[in-house]
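All remarks here apply to the structure that follows.
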Amino acid sequence: MRGSIASPGPDTVRAGGNTACLEVRCGDALLVFDAGTGLRGLGEALRAGGPADLDLFLTHSHLDHICGLPFFVPIFDPASRVRVWSGHLPPGQSMREVVCSMMKPPLYPIPIETFRADLSFREFDRGAVIDPAPGIRVRTAELNHPNGAVGYRVEYAGRSLCFITDTEHTPGTLDPEVLDLVRGADVMIYDSTYTDAEFPRHVGWGHSTWEECLRIAEAAGVGRAVIFHHDPARTDDALDAIEAEAARRRPGTLVAREGLDLVLDAR
């Protein structure tokens, strides 16, 4: 939902204040994208169903996208299976090492060895195609973000969903990597941290705008665009205004809110 830092408070109640975490169900398979503070709530929801078996895909390892891992209930359950996928790190670095660095003094009191699940870290090259379960295909592409990031496209039962967050566009030029990944997708969730008016003050910060979201959606023939990764200072009222204007320009466009549930029937 939010970018950079969680932002709870009276002005973010309707949209929510947690950082990025997306749950995707493909039949019986569970895919999770990013491990921000929203991952804690997902873990609590999964607890009632017993041991979890899931694939966790990370866009990148900036803190707002991984800080939920030490608070994810299934990762402490010996009967759970968690596969963590990442493709943004340079050669010689691993996601396990990144998590270990986050979970050591003086940053955190308990080490990664406290995780009891059947946990594996799986690295891939950006651009790879991953088949995490029968009938599910996950395509990947490089995004324009400091320290690297990965965009994802999930294809299942004739439907497709794209998760494109933490990417910076070049004004006047549509990113060809993003266009290729999202072309014809049923849903595109896109980094819309800024407005076009705000963007010039944040060049180099690695984020995009809700107007660029609509331009890409239109050019790529995306079904529904979802505005995501809200600036932590963006209030509910401001997001309501953005959603109204975005939906006026491109009907069906939504602002991402915690608990938003989108159902795509199989074709």
Side-chain angles (χ1 to χ4, degrees), residues 1-5 7 11-12 14-22 33-34 36 59-60 62 64-65 141-146 148-154 160-258 260 262 264:
M1 300 296 306
R2 297 284 162 176
S4 304
I5 191 170
S7 54
D11 291 329
T12 61
R14 296 196 301 277
N18 279 307
T19 61
C21 181
L22 174 69
F33 291 85
D34 275 343
T59 58
H60 63 305
H62 285 164
D64 54 320
H65 292 256
E142 182 174 6
L143 301 181
N144 180 28
H145 192 65
V150 174
Y152 293 98
R153 178 186 179 114
V154 181
S160 54
L161 177 146
C162 295
F163 187 52
I164 312 295
T165 193
D166 289 62
T167 193
E168 181 172 329
H169 70 282
T170 300
T173 302
L174 298 177
D175 187 325
E177 291 264 1
V178 173
L179 280 175
D180 182 62
L181 189 65
V182 307
R183 196 171 306 280
D186 294 292
V187 175
M188 178 186 72
I189 301 168
Y190 184 84
D191 180 341
S192 304
T193 304
Y194 305 120
T195 66
D196 278 354
E198 295 165 343
F199 180 78
R201 301 194 299 275
H202 303 283
V203 171
W205 290 31
H207 299 289
S208 194
T209 72
W210 68 264
E211 293 98 331
E212 187 71 3
C213 173
L214 299 192
R215 288 188 285 266
I216 288 174
E218 196 63 26
V222 168
R224 167 165 281 176
V226 180
I227 292 167
F228 185 81
H229 204 271
H230 314 313
D231 188 296
R234 194 83 68 207
T235 66
D236 286 328
D237 289 345
L239 287 171
D240 287 346
I242 287 173
E243 184 172 58
E245 177 60 19
R248 184 189 69 79
R249 297 189 192 184
R250 195 169 197 273
T253 301
L254 296 174
V255 160
R257 304 173 190 275
E258 286 187 26
L260 176 64
L262 296 177
L264 299 177

Applying the side chain to side chain contact (heavy atoms under 4.5 Å, CB included) criterion to [X], which one of [options] satisfies it?
X      : options                       : answer
His229 : Ile164, Thr19, Ile189, Thr165 : Thr165
Leu143 : Thr167, Val150, Thr59         : Thr167
Glu258 : Arg14, Arg2, Met1             : Met1

Say you draw a straight line from [atom1] of [X] to [atom2] of [Y]; how long is it, rounded to the nearest 0.5 Å?
X      : Y      : atom1 : atom2 : answer
Ile5   : Asp64  : CD1   : CG    : 9.0 Å
Leu181 : Ser160 : CG    : OG    : 9.5 Å
Glu211 : Asp196 : CD    : CG    : 3.5 Å
Ser4   : His65  : OG    : NE2   : 7.5 Å
Ile242 : Ser192 : CD1   : OG    : 8.5 Å
Leu239 : Ile227 : CG    : CD1   : 8.5 Å

(request) Check the pair Val255, His230 against side chain to side chain contact (heavy atoms under 4.5 Å, CB included), reporting the backbone distance first and the verdict last. (result) CA-CA 9 Å; Val255 160; His230 314 313; 3.6 Å; yes
(request) Search all heavy atoms of Arg250 against all heavy atoms of Ala225 and return the closest pair with its distance. (result)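 Taking every non-hydrogen atom into account, NH1-N, 4.3 Å.
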(request) Write down the atom of Pro232, the atom of Gly3, and the distance for their closest heavy-atom approach. (result)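 In this case the closest contact between Pro232 and Gly3 is CD-O, 3.4 Å.
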(request) Report yes or no: does Glu168 contribute a side-chain atom to a donor-acceptor pair with the main-chain N or O of Trp205 at less than 3.5 Å? (result)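 Confirmed, Glu168 side chain pairs with Trp205 backbone.
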(message) Looking at Gly223, is its backbone amide N or carbonyl O close enough to the side chain of Asp186 to form a donor-acceptor pair, meaning the two atoms are under 3.5 Å apart?
(response)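 Not confirmed, Asp186 side chain does not pair with Gly223 backbone.
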Student check: side-chain heavy atoms of [X] and [Y] closer than 4.5 Å:
X      : Y      : answer
Thr209 : His169 : yes
Val187 : Val226 : yes
Phe33  : Val154 : yes
Leu254 : Glu243 : yes
Leu174 : Glu212 : yes

(message) Using a strict threshold of under 4.0 Å (side-chain N to carboxylate O), is an ion pair present between Asp175 and Arg215?
(response)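 Here Arg215 does not pair with Asp175 in a salt bridge, since their nearest N and O are not under 4.0 Å apart.
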(request) For the residue pair His60 and His145, categorise the inter-ring angle as parallel (less than 30°), tilted (30 to 60°) or perpendicular (more than 60°). (result)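 His60 and His145: perpendicular rings.
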(message) Assess the residue pair Trp210 and Glu245 against the criterion (side chain to side chain contact (heavy atoms under 4.5 Å, CB included)); give the C-alpha distance rounded to whole Å, side-chain angles, the decisive distance to 0.1 Å, and a yes or no.
(response) CA-CA 10 Å; Trp210 68 264; Glu245 177 60 19; 3.6 Å; yes
(request) Taking ring-ring contact (aromatic ring centres under 6.0 Å, His included) as the test, write out the residues that go with Tyr194, two or more places apart. (result)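 ring-ring contact (aromatic ring centres under 6.0 Å, His included) check on Tyr194 returns His202.
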(message) Please tell me whether Thr193 and Asp191 have a donor and an acceptor in their side chains that are separated by less than 3.5 angstrom.
(response)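 Looking only at side-chain atoms, Asp191 and Thr193 do form a donor-acceptor pair, the distance falling under 3.5 Å.
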(message) Please tell me whether His62 and Asp166 have a donor and an acceptor in their side chains that are separated by less than 3.5 angstrom.
(response)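 No, because no side-chain N or O of His62 sits under 3.5 Å from a partner of the opposite role on Asp166.
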(request) For the pair Phe163 and Asp34, evaluate side chain to side chain contact (heavy atoms under 4.5 Å, CB included) and give the outcome as yes or no after the intermediate values. (result) CA-CA 10 Å; Phe163 187 52; Asp34 275 343; 3.6 Å; yes
(request) Mark yes when over 12 heavy atoms from residues, nucleotides or ligands other than Leu262 sit less than 6.0 Å from its CG; otherwise mark no. (result)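 Atom CG in Leu262 is packed in, count exceeds 12.
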